[in-house]
A.B. asks: 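Below is a structure I'd like to ask you about.
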Amino acid sequence: MNYQYKNEFRHHLVDWFNREKRDLPWRRTSDPYKIWVSEIMLQQTRVDTVIPYYNRFLEKYPTMQSLAYAPQEELLKMWEGLGYYSRARNLQAGVKEVVEKYNAVVPDNRHDLSKLKGIGPYTAGAILSIAYNKPEHAVDGNVMRVLSRVLHIEEDIALPKTRKVFEEAVDMLIDKDYPGDFNQAIMDLGAMICTPTSPKCLLCPVRDYCIAFQEGDTEQLPIKSKKIKTKKVIYNIYVAVDKQGNYLIEKRPNEGLLANMWQFPMIEMTKETTKDAFEKQYNVQIENYLNNDFMKFKHIFSHLTWEMECYLVQVQQLNQLPANAHFLPIGKIRELPMSVPMLKILNILN
DNA sequence: CAGTCGTGGAA
DNA sequence: TTTCCAAGACT
């Protein structure tokens with residue numbers, strides 16, 4: 001794209017943004033911390049989903065200091081249902097480092113920003129351009145989709161190395177006077193006009209500069225290869241009550257899927273799984289099956305599917321429980337952070 | 001690089 | 001019902 005067209009492209013794009021931009025909570029602040037929070041929540045997550053979480057989160061943690069030393073249990077509860085829970089842990093670690101190492105001032109350069117937990121190339125660029133008005137690229141899925149069409153880039157956007165191509169494209173096109181608006185404009189364009197399917201090209205402010213529109217192959221771009229197949233895992237889940245009416249609950253390991261979230265005991269069902277696996281693993285004895293198969297459902301994660309069959313059982317504790325397991329009253333359990341499938345079970349208990 | 005890490009909504 | 005996601009980062 002030649003110099004004159006680049007200028008026109010920028011101005012049409014930013015002018016459109018100023019007319020049509022969505023009124024979003026994080027666009028009502030210039031606080032780098034709040035913009036940081038929004039960018040973390042928005043990773044792989046829809047705007048409509050994020051909004052209520054964002055408002056509640058900043059009401060609870062209005063400053064970096066308030067977040068830096070919050071109990072992780074409370075933090076995870078604030079994140080409950082939003083998914084990708086390591087984001088919450090990394091955000092807190094990053095904020096804590098800014099408080100302690102940078103005197104609670106969010107760094108304004110890519111080098112320092114990128115070293116903070118949870119801040120990758122996109123988020124660094126987003127914070128720098130939106131909060132600090134720095135001409136830094138912020139390449140996300142929207143940017144790759146929009147620019148793959150405008151510039152007719154046919155690289156496979158599923159490959160990590162491809163991001164570099166689009167970063168260079170943004171470096172070439174970005175409006176150095178309004179870098180934050182420019183980056184957000186492409187993202188809004190991708191969300192509202194240049195959508196994955198059925199793009200609204202007739203409403204597009206940069207249609208005249210779009211090679212894919214000229215070629216008539218907008219629907220063929222971007223090119224994306226990778227397809228993920230989800231594996232299936234089958235679990236028996238035991239909602240176990242003792243004589244005092246307390247429920248057996250356990251905390252997941254601090255790494256991996258749903259790290260540090262709480263759950264009802266679950267036993268993976270394989271060919272080798274024995275019938276008394278639950279009793280042996282938790283040192284309890286089932287005295288009574290209160291309700292066989294009182295709930296049966298599946299939950300689909302990004303890369304795997306849980307098929308769950310739930311049992312409501314009365315138990316007696318025989319020996320010491322595993323370290324991360326406890327009998328707790330239902331009221332206490334409702335205060336613990338739990339994954340969506342576990343919440344579905346919890347919600348039908350009285 | 002390829003796999004891991006959640007969820008709810010849209011086509 | 002199935003597929004593909006949506007403002008990615010980490011290992």
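So you know, we letter chains A, B, ... as the sequences are listed, proteins then strands, and number each from 1.
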A.B. asks: Counting any heavy atom closer than 4.0 Å, what does V47(A) reach on the DNA or RNA strands: base, sugar-phosphate only, or nothing?
C.D. replies: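 It contacts base atoms.
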A.B. asks: Taking the nucleotide of DNA chain B with the nearest heavy atom to each, does L159(A) or Q44(A) sit closer to the 5' end?
C.D. replies: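 Looking at the nearest nucleotide for each, L159(A) comes out on the 5' side.
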A.B. asks: I want to know whether H137(A) and Y122(A) have ring centres closer than 6.0 Å.
C.D. replies: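 H137(A) vs Y122(A): aromatic centres not under 6.0 Å.
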A.B. asks: Side-chain N or O of K224(A) less than 4.0 angstrom from OP1 or OP2 on dC5(C)?
C.D. replies: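 For dC5(C), OP1/OP2 do have a side-chain N/O of K224(A) under 4.0 Å.
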A.B. asks: Please measure how far the C1' atom in dG6(B) lies from the corresponding atom in dC5(C), and state the result in whole Å.
C.D. replies: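 It comes out at 13 Å once rounded to the nearest Å.
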A.B. asks: Please report, rounded to the nearest Å, how far the P atom of dA9(C) is from the CG atom of L113(A).
C.D. replies: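 Value for this atom pair: 11 Å.
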A.B. asks: Please identify which of these residues, D31(A), L91(A), I130(A), L113(A), meets the side chain to side chain contact (heavy atoms under 4.5 Å, CB included) condition with W36(A).
C.D. replies: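 The option that passes is L91(A).
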A.B. asks: Starting at atom OH of Y85(A), determine the distance to atom P of dG8(C), rounded to an integer number of angstrom.
C.D. replies: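 These atoms are roughly 17 Å apart.
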A.B. asks: What is the separation between atom CH2 on W36(A) and atom C1' on dA9(C), rounded to the nearest whole Å?
C.D. replies: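 Taking CH2 of W36(A) and C1' of dA9(C), I get 14 Å after rounding.
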A.B. asks: I need the OH-P distance between Y53(A) and dA6(C), as an integer number of Å.
C.D. replies: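 To the nearest whole Å, that distance equals 20 Å.
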A.B. asks: Checking all strands, does I40(A) fall into the base, sugar-phosphate, or nothing category for heavy-atom contacts under 4.0 angstrom?
C.D. replies: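 The residue I40(A) makes no contact with any strand.
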A.B. asks: Strictly below 4.0 Å, heavy-atom distances to any atom of DNA chain C: list the hits from residues 114-129 of chain A, or just say none.
C.D. replies: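 Within residues 114-129 of chain A, the residues near DNA chain C are K117(A), G118(A), I119(A), G120(A), P121(A), Y122(A), T123(A).
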A.B. asks: So does E80(A) get a backbone contact from the side chain of Y53(A), meaning a donor-acceptor N/O pair under 3.5 Å?
C.D. replies: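 Judged by distance alone, yes, a pair lies under 3.5 Å.
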A.B. asks: For the pair made of NE2 in H303(A) and P in dT3(C), what is the distance, rounded to whole Å?
C.D. replies: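 Distance check: H303(A) NE2 to dT3(C) P gives 18 Å.
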A.B. asks: Applying the side chain to side chain contact (heavy atoms under 4.5 Å, CB included) test to N260(A), which of K251(A), E73(A), R252(A) qualifies?
C.D. replies: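 When K251(A), E73(A), R252(A) are each tested with N260(A), the side chain to side chain contact (heavy atoms under 4.5 Å, CB included) holds only for K251(A).
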A.B. asks: Using the P atoms only, state how far dG8(B) lies from dA9(C), rounded to an integer number of Å.
C.D. replies: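 Comparing P positions in dA9(C) and dG8(B) gives a spacing of 23 Å.
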A.B. asks: Determine the contact category for L343(A): base if any of its heavy atoms lies under 4.0 Å from a base atom, sugar-phosphate if only primed atoms, P, OP1 or OP2 are that close, otherwise nothing.
C.D. replies: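 Contact class for L343(A): none.
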A.B. asks: Flag the pair W306(A) / F297(A) as yes when their ring centroid distance falls below 6.0 Å, and as no otherwise.
C.D. replies: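 Between W306(A) and F297(A), the centre distance exceeds or equals 6.0 Å.
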A.B. asks: Give R252(A) one of three labels, base, sugar-phosphate or nothing, depending on what nucleic acid heavy atoms sit under 4.0 Å from its own.
C.D. replies: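 Touches nothing.
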A.B. asks: Using a 4.5 Å cut-off between side-chain heavy atoms of Ile, Leu, Val, Met, Phe, Trp and Tyr, which other residues end up in the same hydrophobic cluster as L202(A)?
C.D. replies: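 None; L202(A) is a cluster of one.
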A.B. asks: Touch check for R22(A), heavy atoms < 4.0 angstrom, all strands: base, sugar-phosphate only, or nothing?
C.D. replies: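 It contacts base atoms.
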A.B. asks: Extract, from 5' to 3' on DNA chain B, the first and final nucleotides lying under 4.0 angstrom from some heavy atom of chain A.
C.D. replies: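 Footprint of chain A along DNA chain B, 5' to 3': dC1(B) to dG8(B).
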A.B. asks: Contact class for G190(A) vs. all strands (heavy atom < 4.0 Å): base, sugar-phosphate, or nothing?
C.D. replies: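 Touches nothing.
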A.B. asks: With heavy atoms under 4.0 Å as the rule, sort S302(A) into base, sugar-phosphate or nothing.
C.D. replies: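 S302(A): base contact, heavy atoms under 4.0 Å.
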A.B. asks: In whole angstroms, how far is the C1' atom of dC10(C) from the CZ atom of R87(A)?
C.D. replies: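 Nearest whole value for this atom pair: 13 Å.
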A.B. asks: Need one value for S339(A): base, sugar-phosphate or nothing, where a base atom within 4.0 Å counts as base even if backbone is also close, heavy atoms only.
C.D. replies: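 Sugar-phosphate, no base atom in range.
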A.B. asks: Can you see whether Y54(A) has R56(A) sitting over its ring - NZ or CZ less than 6.0 Å from the centre and within 45° of the normal?
C.D. replies: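 Geometry flag: not set, cation outside 6.0 Å or 45°.
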A.B. asks: Determine the interatomic distance between C1' on dG8(C) and the same-named atom on dC1(B); round to the nearest Å.
C.D. replies: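 It works out to 16 Å between them.
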A.B. asks: Would you call D156(A) and K224(A) a salt bridge, taking side-chain N to carboxylate O under 4.0 Å as the test?
C.D. replies: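 Salt bridge absent between D156(A) and K224(A).
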A.B. asks: Start at the 5' end of DNA chain B and walk down; is the nucleotide closest to M338(A) or to S198(A) reached first?
C.D. replies: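 The residue closer to the strand's 5' end, by nearest nucleotide, is M338(A).
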A.B. asks: With no hydrogens and no angle check, is any side-chain donor or acceptor of N246(A) less than 3.5 Å from a backbone partner on D242(A)?
C.D. replies: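 No; judged by distance alone, with no hydrogens or angles, the pair does not exist.
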A.B. asks: Assess the residue pair R28(A) and D23(A) against the criterion (salt bridge (Lys or Arg N to Asp or Glu O under 4.0 Å)); give the C-alpha distance rounded to whole Å, side-chain angles, the decisive distance to 0.1 Å, and a yes or no.
C.D. replies: CA-CA 8 Å; R28(A) 291 171 169 265; D23(A) 179 20; 2.7 Å; yes
A.B. asks: Identify whether any heavy atom of W79(A) sits under 4.0 Å from a base atom; if not, whether one sits that close to sugar-phosphate; answer base, sugar-phosphate or nothing.
C.D. replies: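 It contacts nothing in the nucleic acid.
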A.B. asks: Mind calculating the distance between NZ (K227(A)) and C1' (dC5(C)) to the nearest angstrom?
C.D. replies: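 My rounded result for the distance is 14 Å.
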A.B. asks: Is the distance between the ring centroids of H11(A) and F9(A) under 6.0 Å?
C.D. replies: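 No; F9(A) has its ring centre 6.0 Å or more from that of H11(A).
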A.B. asks: Taking atom C1' of dG8(C) as reference, at what distance in whole Å does atom NE2 of H137(A) sit?
C.D. replies: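 Spelled out: NE2 on H137(A) to C1' on dG8(C) is 15 Å.
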